[in-house]
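Read the structure below first, then the notes.
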Amino acid sequence: MGVRWDAVVDPAAVGRHQPRPPLPQPVIDRSSRRIRVCVRLFGALAALSAERSLRLELPAATTIAGALAALGERLGGTLLAQLLDERGQKRRHCRLFVGGYPVEDLRMPLHATDDPTEIDIILLIAPEGG
Amino acid sequence: MRWGMVIDLKRCIGCYGCQLACKAEHGTPPGVYYARVLKQEEGHYPTVRQLSLPVLCNHCEDPPCVEACPTGASFKWEEDGIVDIDHDLCVGCRSCMMACPYTNRYFNDQRQHYFAQGMTPYEEARTGSHQHNVVMKCNFCRDRVRAGKLPACVANCPTIARTFGDLDDPLSEVSALIKERGGFTLHPELGTGPSVYYLPP
Amino acid sequence: MNLYSPRSDMPPIQEDAWVPSTCSLCYGTCSILAHRVDGVVVKIEGNPDSEVGKGRLCGKGVSGIMTHYDPNRLRYPMRRTNPKKGLNEDPGWKRISWDEALDEIGEVLRKLRADDPRKLVVQRTTTVTACRVPFHAFATAFGTPNFSVSGGGQHCGNGAHLISGMMHASWSVVPDFEYCNYSIFFGASKGHSAGHASCSNMGKAADARARGMKMVVVDPLCNFAAAKATEWVPLRVGTDAALALGMCNVMVNELGIYDGPYLQAKTNAPYLVGPDKLYVRHPESKTPLVWDTRTNGARPFNEVPAADMALEGEFTVGGISCHPAFQSLREHLRKFTPDWAEKISGVSAATVRRLAKEFATEARIGSTIVVDGVALPYRPVAAIAFRGAQGHKNSVYNFFSVTLLNHLVGAADVVGGCLGFNPTSHGYPETGMVRYLPNADPDGLMIVGSWMGYHYPYPPAQPRLPQNLGLQDLFTIGMTSPFLDSTDREEMWEKFDVPYRPEVMINCGANLVMSIANKDAVAASLSKYKFIVSFDLFLTETSNFVDIILPDCDYLQSLDARSNYPFIFSLPAGMGEWCWPIRQPVLPPEGDQRQFADVLLELADRVGFRADLNAAYNAWLDLRPPYRLVGDESYSYERICDAELKNNFGTERGLEWFKEHGLIKWKKKPEEVYWRPFVDARVPVYLEFLKPIGDKIAAIAEPRGLKIPLEYYEPLPDFLPCRSHCCDKPGFDFYGFYYRDVVHTNSFTMENPWLDETARLDPFSYAIAMNRSEGVKRGFADGQAVWVESETGRKVKGRLKLTEGIHPEGLGFAAMCGHWTDGQPVAKGKGVFYNDLLELDWEHTSPININLDLCVKVRVVPAESAS
């Protein structure tokens with residue numbers, strides 16, 4: 001051994017493909033303005049929650065994780081448990097969309113913008129077969 | 001020019017694509033399959049193989065059916081070698097059926113359809129156009145071929161087991177396959193001179 | 001005026017048109033050209049432009065005409081007038097209007113949603129791939145997690161898809177037909193029968209055969225792939241793991257042939273495991289440790305060059321004795337001697353050794369090849385499995401043991417080896433959309449880039465007290481579940497305090513009374529539902545339990561924007577072109593037939609959750625601005641399809657463009673097809689994560705009275721017998737099993753008279769295959785009518801086909817025949833209803849992936865009269 005398994009492979013080859021179009025960057029407001037967010041819940045989440053659309057005001061530099069925590073405070077731990085597992089990781093079938101674009105990393109920061117940032121949350125179906 | 005077909009038994013998996021594509025192309029009535037797939041197992045447990053043998057009219061060089069036909073309805077096209085039936089001349093005596101050693105001819109005795117409720121629009125369009133009290137069989141999809149297409153069974157085969165071409169052309173694919181792979185015909189001892197060759201499984 | 005009718009954009013009836021679309025006679029969804037002359041479809045051919053089928057179709061595909069024009073097709077909505085539901089109760093169907101139907105259904109759904117949306121079970125047939133997203137979106141929007149894919153799903157994939165996903169990031173696996181030299185098929189007929197990318201695979205497999213690829217087929221029955229095999233290896237039903245493990249042992253321990261560098265670089269073979277059988281982890285970061293042979297110390301796996309990782313040796317780390325997982329595997333394999341394998345599987349020890357030697361030698365470990373200018377590892381061997389190996393209680397280890405053969409020699413997703421179906425895609429070049437790559441979890445193990453749902457094969461979700469009726473959130477290694485209809489479902493729900501019960505079902509095309517297990521069990525389950533709605537082409541045996549039947553449009557009358565996406569499902573694997581075909585209506589609806597997608601949209605509007613449905617479509621279709629559906633606007637299905645196509649392929653390529661062109665293609669790159677060296681992710685050859693999952697499940701289940709056999713959760717595979725292997729009732733000396741037939745799909749196609757006629761001409765399709773010597777020994781004759789009886793007393797009747805081509809202990813049933821409904825007069829009475837022998841309960845279910853055990857120990861006795 002001591003020989004790489006993929007010894008002939010050129011790793012740079014992968015870099016030559018067309019990358020996915022980058023998600024648009026929102027206008028970054030570096031002031032300490034509070035961030036206004038409009039969270040919309042769909043499907044099973046809407047059924048679990050008293051409110052399906054709610055507005056939150058969050059401190060500057062809040063991340064998505066922080067927004068979800070605030071949501072949990074407002075709507076309760078049961079709802080939050082549908083979105084996050086015991087380790088605080090987003091459940092795979094929980095889809096988040098910020099400004100219409102899918103987000104997987106909860107560490108993504110939110111930015112204060114003129115209009116409230118829209119966050120859509122929906123739980124998709126898990127099982128499939130065939 | 002002599003149209004011929006080569007069927008590669010190594011490739012064929014017996015999916016019935018040819019049998020059913022032919023039926024769909026010609027709207028043959030129940031019980032009639034111009035192209036069929038016969039299945040046979042070979043060997044004894046555990047050394048066993050299942051053989052799928054697609055068969056169809058062999059368009060023989062010396063067709064016994066043509067010889068047997070009293071009206072001249074069964075004939076062989078001189079220009080391309082296809083053995084065909086002129087249904088206007090056929091009187092339904094079925095001598096040809098008795099003459100054919102490959103049992104590849106069918107007698108269409110009456111208007112038939114697949115569902116008890118009657119003819120489907122498809123059958124009206126395709127099956128309904130066949131005459132009754134006549135014998136019917138494969139004609140190598142002569143209309144398709146003259147329009148530059150392959151016969152339906154050849155065009156459709158998912159394993160690409162069927163090849164169609166001019167046996168009189170030594171450079172055609174069919175000629176090459178027969179020569180290189182040892183193509184054989186069915187019942188060569190009968191001397192019918194089939195135009196359908198098989199490659200070994 | 002009906003907003004949802006597709007008539008507005010139906011092409012005017014032309015004299016003579018060839019319309020590009022896609023087939024739906026099985027889930028292969030090959031591309032077609034439908035020839036329409038004066039408003040009648042007179043021929044269906046393949047579409048030579050498409051990679052899916054490459055212009056050719058199997059027997060089922062060309063026969064679609066007769067399913068479409070079957071006069072027994074449902075034409076208008078019907079409601080039962082007889083409130084009693086039963087297998088022999090006439091529902092008393094009464095014709096109603098769509099408005100009446102949707103008024104009632106809407107009312108039921110509105111009330112249910114206000115009460116508890118989880119009480120809705122949404123079910124679909126796996127045959128119609130086009131119903132996946134609409135029904136998933138509907139269930140998502142309504143708010144129920146309870147989704148079923150009926151028998152087609154339950155029988156097909158909890159083992160196959162789990163392991164194919166975990167090890168190859170795809171739904172299924174296939175040999176690289178273009179380059180493979182030596183393939184072993186365990187209970188699979190890829191390229192020789194129906195299913196994923198079937199017609200394309202048929203051509204590829206034939207090319208491989210012509211090229212001289214050796215194909216060894218391990219199967220109790222000699223048909224389909226086995227019929228064309230270079231060597232047919234008959235084995236006892238359900239013992240694939242034994243043969244595969246015997247081969248693994250020979251390779252590793254007798255021959256000493258395995259791909260060390262591959263194991264170091266691409267698997268968890270070097271990860272250190274301790275006495276508790278779990279990874280030894282870094283105390284702070286929790287990263288699994290490996291032994292660095294250069295620095296002579298344990299370090300996190302992501303900090304050590306693969307070539308320096310030890311695969312063997314005993315080490316002490318932080319006071320704990322440990323060794324690399326590969327060493328555990330190697331030692332574990334020793335007990336699977338060829339003699340042991342022979343005893344269990346019936347395959348001779350000499351054959352076990354020979355197959356292992358042939359496989360290991362032809363793997364050509366260390367060799368390379370250049371494809372399209374790209375240099376890649378070359379391992380021209382592949383071991384695959386599918387429905388045969390997966391149809392058992394022990395399917396996880398069965399399947400894992402088979403693919404372990406590939407991973408031991410590095411023949412996974414490289415040239416010539418075992419390929420997943422399109423596990424990676426770099427995306428459509430112009431837009432970058434439709435791009436996905438597997439990645440890795442913090443332990444470095446592979447997470448799929450694309451999947452059919454969100455219950456991923458790895459990492460398994462953490463078990464919890466179940467909220468889903470199918471208990472999949474407890475048994476998280478499983479996927480589809482038998483507990484929606486099992487005879488002990490109520491007991492299970494009570495045990496686990498599931499706080500609600502199913503009340504309403506919406507079914508699309510599935511015939512679960514026949515497709516899951518014995519009809520009485522499923523009938524009992526369906527009788528409990530308060531309300532069942534079913535979209536169907538024909539009346540089925542399940543219709544006896546339905547309240548409102550809705551007449552569906554078939555594939556020739558329907559629109560679907562993503563016939564062959566996700567690509568992991570039914571786009572051909574290997575080099576070639578990416579291909580995205582669509583389905584478009586060729587013929588108008590007859591009578592009151594409507595497309596299910598339209599009906600679901602209208603129901604959402606009526607019940608008042610259109611905003612949720614729009615959001616669900618956005619999520620399932622990955623729609624980005626400006627194509628995202630907004631608010632609760634009443635988009636038609638055409639608009640949604642158009643949005644998806646433009647979202648993926650650009651503003652000029654919407655529905656109109658696709659209707660004209662039929663599909664879009666772009667070339668595949670070797671780095672996409674042979675992605676393994678380019679993706680930084682490992683696969684498990686040691687299933688470390690099973691133990692903690694099993695322990696958690698036991699912690700939840702055992703206090704509630706359900707014992708979990710933890711031998712199914714061991715990190716290393718074993719042969720675990722099915723119930724049939726443990727049956728020693730005298731006289732019960734055959735293993736019954738069913739297998740897929742190329743002319744039939746589930747219980748769907750027997751009503752098609754061309755396919756039925758073809759099946760009647762086939763020696764096996766409607767018969768029960770029995771070994772000729774065994775039959776003669778018992779005094780049976782070819783064609784004799786017999787009763788087949790299970791050890792639990794269930795019986796089915798059929799005719800024998802005595803054949804040399806089946807294991808002496810095997811009893812093979814083709815497809816899922818034996819219809820009795822008057823609604824399908826062609827299908828009625830044809831073939832044998834094998835599933836009626838199957839029990840449906842915890843005892844017959846795998847305790848790890850909740851797979852149904854599909855083999856049965858039976859006895860065969862003559863039946864008095866022919867029928």
Side-chain angles (χ1 to χ4, degrees), chain B residues 8-28 30-33 36-52 113-126 149 152-161 181 199 201, chain C residues 37-46 53-63 65-66 69-72 191-193 198-200 202-203 205-207 209-210 222-224 226-229 232-234 742-743 753-755 757-758 761-763 771-773 803-806 808 825-826:
Chain B
D8 189 345
L9 299 180
K10 193 176 197 60
R11 298 183 75 99
C12 173
I13 57 172
C15 73
Y16 297 110
C18 53
Q19 175 168 318
L20 290 159
C22 172
K23 174 164 283 286
E25 180 73 28
H26 300 287
T28 51
V32 177
Y33 283 97
R36 293 172 291 144
V37 182
L38 306 178
K39 302 227 168 167
Q40 162 114 350
E41 71 186 30
E42 300 180 328
H44 293 284
Y45 181 84
T47 314
V48 181
R49 193 167 58 174
Q50 302 280 358
L51 179 67
S52 295
H113 42 79
Y114 271 98
F115 293 105
Q117 295 95 321
M119 282 226 168
T120 58
Y122 164 83
E123 286 164 305
E124 295 283 359
R126 287 290 230 232
K149 297 163 102 173
C153 58
V154 177
N156 187 67
C157 176
T159 60
I160 318 170
R181 298 266 311 272
L199 304 179
Chain C
V37 176
D38 291 343
V40 177
V41 166
V42 293
K43 188 83 193 297
I44 298 176
E45 297 187 359
K54 296 222 164 217
R56 291 141 194 277
L57 294 173
C58 72
K60 300 188 299 296
V62 298
S63 303
I65 299 175
M66 291 307 259
Y69 285 118
D70 188 329
N72 299 290
H192 301 79
S193 189
S198 36
C199 290
S200 308
M202 288 177 181
D207 284 343
R209 221 173 5 266
C222 182
N223 204 348
F224 307 109
K228 307 297 297 185
W232 171 47
V233 177
V742 71
V743 294
W754 288 356
L755 297 175
E757 190 176 44
T758 295
L761 293 169
D762 183 276
N771 180 282
R772 180 171 291 277
S773 306
T803 168
E804 301 286 344
I806 189 169
V826 178

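Just so it is clear, the structure is predicted and the values come from calculations on it, not from any experiment. We name chains A, B, ... by the order of the sequence lines, and we start the count at 1 in each one.
With a threshold of 4.5 angstrom between heavy atoms, Ser198(C) does not approach chain B through any atom at all. Only the backbone of Val41(C) comes within contact range of chain B, with heavy atoms under 4.5 Å apart. Looking at Pro30(B), the atoms closer than 4.5 Å to chain C (heavy atoms on both sides) sit in the backbone and in the side chain alike. Contacts between Phe115(B) and chain C at a heavy-atom distance below 4.5 Å involve the side chain alone, from C-beta outward. Only the side chain of Pro763(C) comes within less than 4.5 Å of a heavy atom in chain B; its backbone stays farther off. With a 4.5 angstrom heavy-atom cutoff, Ala155(B) touches chain C only via backbone atoms. For Ala21(B), the parts lying near chain C are the backbone and the side chain together; criterion is any non-hydrogen pair under 4.5 Å.
A pairwise comparison of heavy atoms in Leu9(B) and Lys228(C) identifies O-NZ, 2.7 Å as the closest pair. When every heavy atom of Arg49(B) is checked against every heavy atom of Ala227(C), the shortest pair comes out as CG-O, 3.1 Å.
No other option in Arg772(C), Lys60(C), Met66(C) has as many heavy-atom pairs under 4.5 Å with chain B as Met66(C). Listed options Gly61(C), Ala229(C), Ser773(C), Pro234(C) were ranked by heavy-atom pairs under 4.5 angstrom with chain B; first place goes to Pro234(C). Chosen from Val742(C), Leu57(C), Ile65(C), the residue pairing most often with chain B at heavy-atom distances under 4.5 Å is Leu57(C).
Using modelled atom types, one side-chain atom of Glu757(C) and one backbone atom of Gly31(B) make a donor-acceptor pair closer than 3.5 Å. Counting only distance, with no hydrogens or angles, the side chain of Arg209(C) and the backbone of Lys10(B) share a donor-acceptor pair below 3.5 Å.
Every residue meeting the side chain to side chain contact (heavy atoms under 4.5 Å, CB included) condition with Ser63(C), not counting sequence neighbours, appears here in chain and number order: Leu20(B), Asn752(C), Trp754(C), Leu755(C). Applying the side chain to side chain contact (heavy atoms under 4.5 Å, CB included) rule to Ser52(B) yields the partners Cys12(B), Val37(B), Lys39(B); only residues at least two apart in sequence or on another chain are considered.
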